[in-house]
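Input: a single structure, listed below in structure tokens.
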Amino acid sequence: MQADDARYLKRIRLKSLNSNTDIASLARKVVEECRLISPSRLPEVEQLLFYLQNRKKSAEKKEKKQIKPRDLTPFEGMELDEEANINSIDDYVELLYEDIPEKIRGATLILHLARNPDNLEELLQNETALGALARVLREDWKQSVDLATTIIYVFFCFSSFSQFHGLITHYKIGALCMSIIDHELKRYDLWLDELQKKKKADILSNLKKEYEKALKKYHGLLTKQEQLLRVALYLLLNLSEDTRTELKMRNKNIVHLLVKTLDRDSEELLVLVVSFLKKLSIFLENKNDMAEIDTVEKLAKLVPCEHEDLLNVTLRLLLNLSFDTGLCSKMVHADLLPKLTSLLEDEVQRQIAMCILYHISMDDRFKSMFAYTDCIPQVMKMLFDCGEERFDAELISFCINLAANKRNAQIMCEGNGLKMLMKRALKLKDPLMMKMIRNISQHDGPFKNLFIDYVGDLAAQIGLKEEEEFVIECLGTLSNLTIPDLDWELVLKEYNLVPYLKDHLKPGSAEDDLILEVVIMIGTVSMDDSCAVMLAKSGIIPALIELLNAQQEDDEFVCQIVYVFYQMVFHQATRDVIIKETQAPAYLIDLMHDKNAEIRKVCDNTLDIIAEYDVEWGKKIQSEKFRWHNSQWLEMVENRQMDEAEPFMYGDGEPFLQNGDILERPDLFYSPDGIIPADGAISPEFFTDFQNGDLLGPQGFPSRYF
């Protein structure tokens with residue numbers, strides 16, 4: 001026999017058991033009346049009864065500490081003048097068959113039992129009680145908000161534990177809750193309309209009593225409705241742990257219902273609603289649903305707010321939504337930018353606010369807007385307050401994005417901003433901070449001259465065996481310094497950079513990113529006449545051609561190498577080297593018609609200079625341009641003729657060739673002057689006249705023969 005099998009168990013209900021019961025007397029009575037219990041087991045029965053008597057007290061102590069499911073606090077109407085007892089469950093079920101007040105009392109007593117997790121297993125076995133609760137909820141929820149709230153709360157207690165979710169699904173409580181929420185939200189809209197009508201009527205009649213009375217009633221109804229919405233939404237949130245259940249909710253427009261609820265003022269309800277939306281937002285379909293309605297606009301009203309938990313969960317939801325560029329745009333238009341900037345001062349919310357701002361700053365359309373807030377001074381202060389510690393990835397990434405805008409970069413350089421950044425970057429050898437400095441250096445303006453003081457420091461990093469990423473950023477920063485007053489020849493000689501640049505042009509000598517920065521650096525220093533001569537004499541041009549052959553599929557490499565050639569032919573001293581001693585012009589001719597527009601543009605400018613100073617190459621370039629334009633023109637004419645002939649090629653009658661081969665046409669043959677009929681319809685004199693030019697018209701064109 002299996003002792004755990006329900007078929008071999010006998011339940012004994014002790015209706016008289018309470019805190020004042022004499023355990024010894026009750027145990028003897030149980031043994032006497034139940035023949036299945038041997039008298040020898042009387043001590044075990046006493047011990048079991050003692051446990052049952054004290055279970056209620058221990059449960060209450062636990063409940064005070066941590067048992068409240070999901071921290072859903074009791075609401076108004078749960079108070080009772082009697083103590084619920086698990087042994088009286090049948091009596092409570094009978095109350096569910098009475099009128100509404102008795103149903104509320106019976107449901108409340110069962111709720112008090114369900115709030116103790118120790119009772120859930122036993123309640124689960126009582127199908128009569130659960131079935132009655134589900135039936136009453138389905139039939140009477142419109143008649144009493146209190147009744148609906150209490151019964152849903154009972155099922156919410158079960159929903160706090162995943163193993164009981166099957167029970168709630170069995171009674172279809174989730175679908176019913178969706179219907180109840182939808183109905184209550186529509187009622188809320190009706191209440192607001194009625195309240196507005198009474199307010200207008202009272203203004204016209206100068207009577208405030210009716211409106212105040214209606215307003216008081218409205219607040220009472222609103223409080224009860226929000227209690228119902230809160231417990232119903234909490235139940236659905238628990239059930240949504242299963243993604244299949246969550247999908248069913250989405251199909252019933254759960255996102256629209258939640259967003260509509262964001263109009264409420266109850267902070268506890270809003271925390272729940274925003275938490276639910278945050279959970280849903282991790283799925284693309286739900287995020288798209290939120291994008292279709294005014295979700296961001298409603299969330300913007302909650303930022304900032306005094307309720308810390310509500311603010312935190314709202315920011316986390318906005319962070320999830322900010323991965324969508326369209327929703328980022330909505331955030332900016334909802335004036336969230338200055339609000340999020342103000343939260344950078346709050347240590348608790350700073351991290352999340354900065355992540356959202358980072359996503360916004362990725363869009364070039366919105367970078368300039370940061371200049372009109374106090375965001376940049378704040379993030380610069382955060383950078384300098386870090387000391388020698390590594391920066392947070394979010395902070396430095398955000399600064400890198402901001403520095404890509406000219407106005408932002410100018411604000412960053414104000415005072416000793418650039419000096420502090422450069423000092424910190426060179427000391428810590430931080431590639432991310434150097435990337436930020438590189439972004440600042442790319443903008444033209446007076447503040448670009450501030451970099452002259454740091455050219456030596458940057459050049460010194462290149463020859464050293466530093467981390468490759470750091471060297472790349474240093475090279476990139478130097479490449480941006482197209483300053484007329486900068487003596488690049490002195491820099492190259494003092495720091496012996498020419499051998500380094502030449503060695504790193506060899507394919508495979510380093511990572512492609514570093515090689516590309518070397519090419520860009522050569523293009524920048526080649527703007528200086530003396531530097532161009534120095535580089536040309538060092539044999540860099542053949543190295544560039546070799547690199548061009550190796551990287552011909554990479555448009556960025558090709559464009560930058562061609563730009564170096566452009567700078568070289570721009571100077572008289574290096575022009576002859578390029579034209580007469582290398583095959584660079586031939587490569588440029590091949591690239592004249594590249595698919596990339598930037599490459600074509602630089603090639604054309606370079607070839608124009610070459611053609612102007614070298615007659616032989618000028619003819620070759622002109623011939624190639626003519627050949628290309630001619631082929632393009634012929635192709636265009638051919639396509640036009642095909643388009644014009646196409647409507648006549650396929651008629652409704654028989655095919656033109658009757659499915660035959662054009663070469664088998666007996667009525668055509670080739671002559672030296674073209675295709676002529678073979679039937680002898682044209683006399684031999686035709687050919688004589690044609691050769692003598694007698695058939696040519698006044699403009700040199702053949703005249704009509706017939």
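Everything quoted here is computed from the prediction, not taken from an experiment. Excluded from the calculations below are hydrogen atoms, water molecules and symmetry mates; all remaining heavy atoms, backbone and side chain alike, are included.
- Sorted by first and then second residue, the ring-ring contact (aromatic ring centres under 6.0 Å, His included) pairs with a member in residues 323-354 read Phe323-His359; sequence neighbours excluded.
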For this session: Take Glu246 and Lys279, measure what salt bridge (charged side-chain N to carboxylate O under 4.0 Å, His left out) needs, and give me the verdict at the end.
Result: CA-CA 10 Å; Glu246 184 179 307; Lys279 182 184 183 304; 2.8 Å; yes
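- For Lys287, the salt bridge (Lys or Arg N to Asp or Glu O under 4.0 Å) test picks out Asp324, with sequence neighbours left out.
- By the 6.0 Å contact criterion, CG on Asp265 is open, its count of non-hydrogen atoms from other residues, nucleotides or ligands being 12 or less.
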Exercise. Where do Leu299 and Leu336 land on the side chain to side chain contact (heavy atoms under 4.5 Å, CB included) test, with the steps shown first?
Worked result: CA-CA 10 Å; Leu299 291 173; Leu336 268 173; over 6 Å; no
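- Partners of Arg264 under the side-chain contact (heavy atoms from CB on, under 4.5 Å) rule, at least two apart in sequence or in another chain, are Leu185, Tyr188, Leu222, Gln225, Glu226, Leu229, Thr261, Leu269.
- Closest approach of Pro304 to Leu343, counting heavy atoms only: CB-CD2, 4.3 Å.
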For this session: Decide yes or no on side chain to side chain contact (heavy atoms under 4.5 Å, CB included) for Leu257 and Leu233, but give the supporting numbers first.
Result: CA-CA 10 Å; Leu257 296 178; Leu233 288 171; over 6 Å; no
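- A salt bridge is absent between Asp294 and Lys330; no separation between the charged side-chain nitrogens and carboxylate oxygens falls under 4.0 Å.
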For this session: Starting from the C-alpha separation in whole Å, work towards a yes-or-no answer on side chain to side chain contact (heavy atoms under 4.5 Å, CB included) for Gln351 and Asp392.
Result: CA-CA 9 Å; Gln351 192 79 2; Asp392 291 335; 4.1 Å; yes
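- Aromatic ring orientation, Phe158 versus Phe155: tilted (interplanar angle from 30° to 60°).
- Judged purely by atom type and a 3.5 angstrom limit, Tyr358 has no side-chain atom pairing as donor or acceptor with the backbone of Cys399.
- Contact check on Asp140 versus Lys103 returns a salt bridge, with a Lys/Arg side-chain nitrogen under 4.0 Å from an Asp/Glu carboxylate oxygen.
- Without hydrogens or angle criteria, His256 side chain to Lys252 main chain gives no donor-acceptor distance under 3.5 Å.
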Problem set entry | Candidate pair Glu285 and Arg250, rule salt bridge (charged side-chain N to carboxylate O under 4.0 Å, His left out), full reasoning | CA-CA 9 Å; Glu285 297 81 3; Arg250 179 186 176 267; 5.7 Å; no
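- One N or O on the side chain of Asn286 and one on the backbone of Leu280 form a donor-acceptor pair closer than 3.5 Å.
- Relative orientation of the Phe164 and Phe161 rings is perpendicular, given thresholds of 30° and 60° on the angle between their planes.
- A search for salt bridge (Lys or Arg N to Asp or Glu O under 4.0 Å) contacts involving Lys367 returns Asp364, not counting sequence neighbours.
- Under the salt bridge (Lys or Arg N to Asp or Glu O under 4.0 Å) criterion, Lys381 pairs with Asp385, not counting sequence neighbours.
- Judged purely by atom type and a 3.5 angstrom limit, Arg350 uses its side chain to pair as donor or acceptor with the backbone of Leu344.
- Every residue meeting the salt bridge (Lys or Arg N to Asp or Glu O under 4.0 Å) condition with Arg105, not counting sequence neighbours, appears here in chain and number order: Glu82.
- You'll find the ring centres of Tyr153 and Tyr234 outside the 6.0 Å limit.
- Counted by atom type alone, Arg316 and Asn320 present zero donor-acceptor pairs between their side chains at under 3.5 Å.
- Looking at every heavy atom in both residues, His443 comes nearest to Lys406 through CE1-N, 3.4 Å.
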For this session: Report the C-alpha distance between Ser329 and Asp363 in whole Å, list the side-chain angles of each, state the deciding distance to 0.1 Å, and finish with yes or no for side chain to side chain contact (heavy atoms under 4.5 Å, CB included).
Result: CA-CA 9 Å; Ser329 178; Asp363 195 323; 5.8 Å; no
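- Under a 4.0 Å N-O distance rule, the pair Glu184/Arg187 qualifies as a salt bridge.
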